[in-house]
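Written out below as structure tokens is the structure these notes cover.
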Amino acid sequence: MAKIKKQNNVKRRQFLKYSGVGIGLMIGGVWLARNPLRRKVFELAETMIAPYQGDTSNPLLWLQVTPDNKIILHSSKVEMGQGSFTSLAQLAAEELEVNMERIKVIHAETGSGNIDGMSTGGSMSIASLWFPLREMAATMREMLRSKAAEKLGLTTDELSLTDGVFSSGTKSMTFGEVVDAVTDWIIPDTPKLKERATHKYIGKAIPRVDLHEKVTGAPIFGIDASYPDMVYASVIRPTMVDATMSNFDFSEAEKMPGVIKIVHEHGFVGVVAKSQVEALSARKKITYDYKTNQKWNLADVQKAVSVGKGKQTIFQKKGKAVEDISDEGESIEMEFRSPIGAHAQLEPNGAVANYRDGKVEIKISTQVPKLTRDEVAKALGLSKDKVNIIPTFLGGGFGRRLHTPNAIQAALMSKAVGKPVKSFFDRIQEFQNDTFRPPSHHIMKAKIAGGKILGIENNIASGDTLFNSALDPGVETVVRADIGSIRGGAIIYDKLPHISTYYHVDLPFATSFWRSLGLLANAFAIESFMDELAIRTQQDPVKLRLDNIDEANPYGARAKRVLEACVKKAGYQDSANNGRAMGLALTIDGGSPCAQVAEVSIEDDEIKVHKVTVAFDCGIAVNPDQVKAQIEGCVCMGISAALYEKMNLKDNKLTPINYGAYRMALMKNVPKEIDIVLIEGADVPGPVGEPPLGPIGAAIGNAVRRLTGQRLTELPMELV
Amino acid sequence: MKISFIINGEQKSVEVSDGKSPLLWAIRDGLDLKGTKYGCGMAACGACTLHIDGEAIRSCSYPVEMAEGKIITTIEGLSQDGKLHPVQQAWKEEVVPQCGYCQSGFMMATAALLNEISKPTDQDIDDNIINVCRCATYYRMRKAIHRAAELNSQNS
């Protein structure tokens, strides 16, 4: 890579000021706790801009021009299906003035120095790179222009630029020719970015840049990675929760064919063998004892995750508790539950590590290359520059790869045998050792009188989402409410008096990020309850929502517009017709409002979703087709979670342990019609990949209520 | 032991220590054809679907010794003479893949379905395409299956 010389008078460019995109929480009227630090954290969470956390001062870290006049975009954000590689290429092409075909996007290795300080998560890839990447591309374009002018003996003003070729009269020079033999670059002030109206690629439905690889079965995933002379490993994983393994007996395993070594260090046991099959077979011959600490069944988990138990935090307060409102009127109370949810991403977790001469290189499907590098370095006692993480395409992420300590095991085994090692979990291990979506419990209360809602009480209890897995110790003490678990848990109807309280519980198994975190369950409870209140007060559910959203709320006007557009497009009716009924729900997640209307019937005693109409406002849709793809995916994955998925816990064993038994939506279970309206209600792109998971559960439940009279209060929803 | 078969038009042999072990690993690691994916190891998800003598088979649960003398096609052999198979072409036109991991299995299952039923109805698709896609790209897949049938009929 070329040496960089910065002009002394150039300040580090500031991108923060642009990134006015809210993330995570939408807490209208946060009740500010007395603890000033906590108040600060909630304020941050509410209005938080999530600027990109990495080096964006040097375009050469991101954009590499090759001699054949192609651009390689080294992305520090990983591609897990969300389509960000395509949108990033669009952002770069726009300012570089090159056709899309000229750009190839690859994953940046941590060794390149282009490191994302956070993770690929929170649906923030495009939103956080919207300004920085375009600025780097524009800056790179001008760096190239200066060099071209110098080489051609012209001034920069004389050069025009078309698709990666500078020209002036009969003279021309490609980007590829410009970079030839250049070692020193001057990084100029950031040029002015193009106006939205002049964009050629941004806002266009450009086909995904990874389509060819993905329809031809190219070896692009972590599990496909290899090294010459590589061997294979299989690691023992716990099969029970809250239990410890001891007294390992390797004698039978050691006799198995192909076994090279059994590694027992750093708290894990792994078999290294000549082939995948031999490693798996030998691992199954290892015996050990289990000591259970406490007995756990699902009922114990549900008892632990209960409103009223655990650490309590009030996170919204605008009004009184329901029992304090008035003696008049009717009190309504409803209880909701959501289950332990599995990620069930298709590619199992694993890594391919090559330890050699005090350095290690790891090819891995991960959402956290930096964290993985740091953890491997620490475990192996290496400095961080001796560890290079090479991210691959992910066979699904969904939050499951926001912590990938399995890289450590592969690295240690590679060191132990002196060869590259590929180590992957099998599917049963994946199900037994998932970092599950935490179960939740909700008690919603309201007081109604004379057809009016006097106040709402919103109580959420949940297992951990973020405290144990992502934040530094200490943050919990300050924040108290797990901002992952309460995501989507705020009442967005500011005009109604409301109180929201969160109860945090730690469970004996790992719970963590699952696409959209608390949104799916919280929105199910709140939006089902809103619909029930509309019915009990004989109000139109659309009007009830529209009347109580405050336009002073930063997302209020956009949320109302989204709801109105959705209802109109769907032709929403609040009564059943010909054995079908519609249900609606509205959520605001990460500042991207989404409304959905689901149309359902009952077939063979099961809920059948025929059509889902979606209106979504993520601000600028950099690639409208991929925004639609994410919405379709969220709707269908949401149907899967809302109607079928649940884990059980019996005698400390989590079940099911494979697909099929862990029922998920298949082709036959998803709607044949998904009708989408995109609204561009902001001048920046906001989160896309998770917000549309919000409304789907409640939209289906509300449709079932209007069809059958049954109010379903438990996920997955089953007719009674 | 040595197992021989024709795969993607070529005669190949693989050396395995256990004839009962899955065909999947012999193909992925023995022959370095990585397009066929591991998903579940018990024929529950379909990520490992390939064709044996023209029939869709879940190779994670197919003993390698049974492949002796058979004709196998994987995703790498679906396209011929550098031209994408109509199923792949349709998948591209409809921009189906998201993460892409399960897509080979779906395309192989679809190609086999179209050999049986040249113009499948939605019901045929629901009954026969029963693989798992966690990105839940089913909505576009259905469109792509219909499109592939259309491309097939144009070609013939």
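In the text below, chain A, chain B and the rest are named by the order of the sequence lines, each starting its count at 1. Model, not experiment: these values are computed from the prediction.
Note on B:E94 versus A:R208: no salt bridge recorded, every NZ/NE/NH1/NH2 to OD/OE distance being 4.0 Å or above. Remark: B:R28 engages A:D224 in a salt bridge, criterion side-chain N to carboxylate O under 4.0 Å. Between A:D625 and B:R140 there is a salt bridge, since a side-chain N of the basic residue sits under 4.0 Å from a carboxylate O of the acidic one. Using a 4.0 Å cut-off between charged side-chain N and carboxylate O, A:K672 and B:D126 make a salt bridge.
Contact of the B:K34 side chain with the A:F221 side chain is not registered, since no non-hydrogen atoms from C-beta on lie closer than 4.5 Å.
B:E76 and A:T216 share no donor-acceptor pair across their side chains, judged by distance under 3.5 Å alone. Defined by atom type and a distance below 3.5 Å, a donor-acceptor pair is present between the side-chain atoms of B:Q98 and A:Q630.
Between the CZ atom in A:R515 and the SG atom in B:C135 there is a gap of 7.0 Å [rounded to 0.5 Å]. To the nearest 0.5 angstrom, B:C99 atom SG is 8.5 Å from A:I220 atom CD1. Distance check: B:S21 OG to A:Q276 CD gives 11.0 Å after rounding to the nearest 0.5 Å.
Contact annotation for B:L33: neither backbone nor side-chain heavy atoms come within less than 4.5 Å of a heavy atom of chain A. Of the atoms belonging to B:K92, heavy atoms from both backbone and side chain fall under 4.5 Å from chain A.
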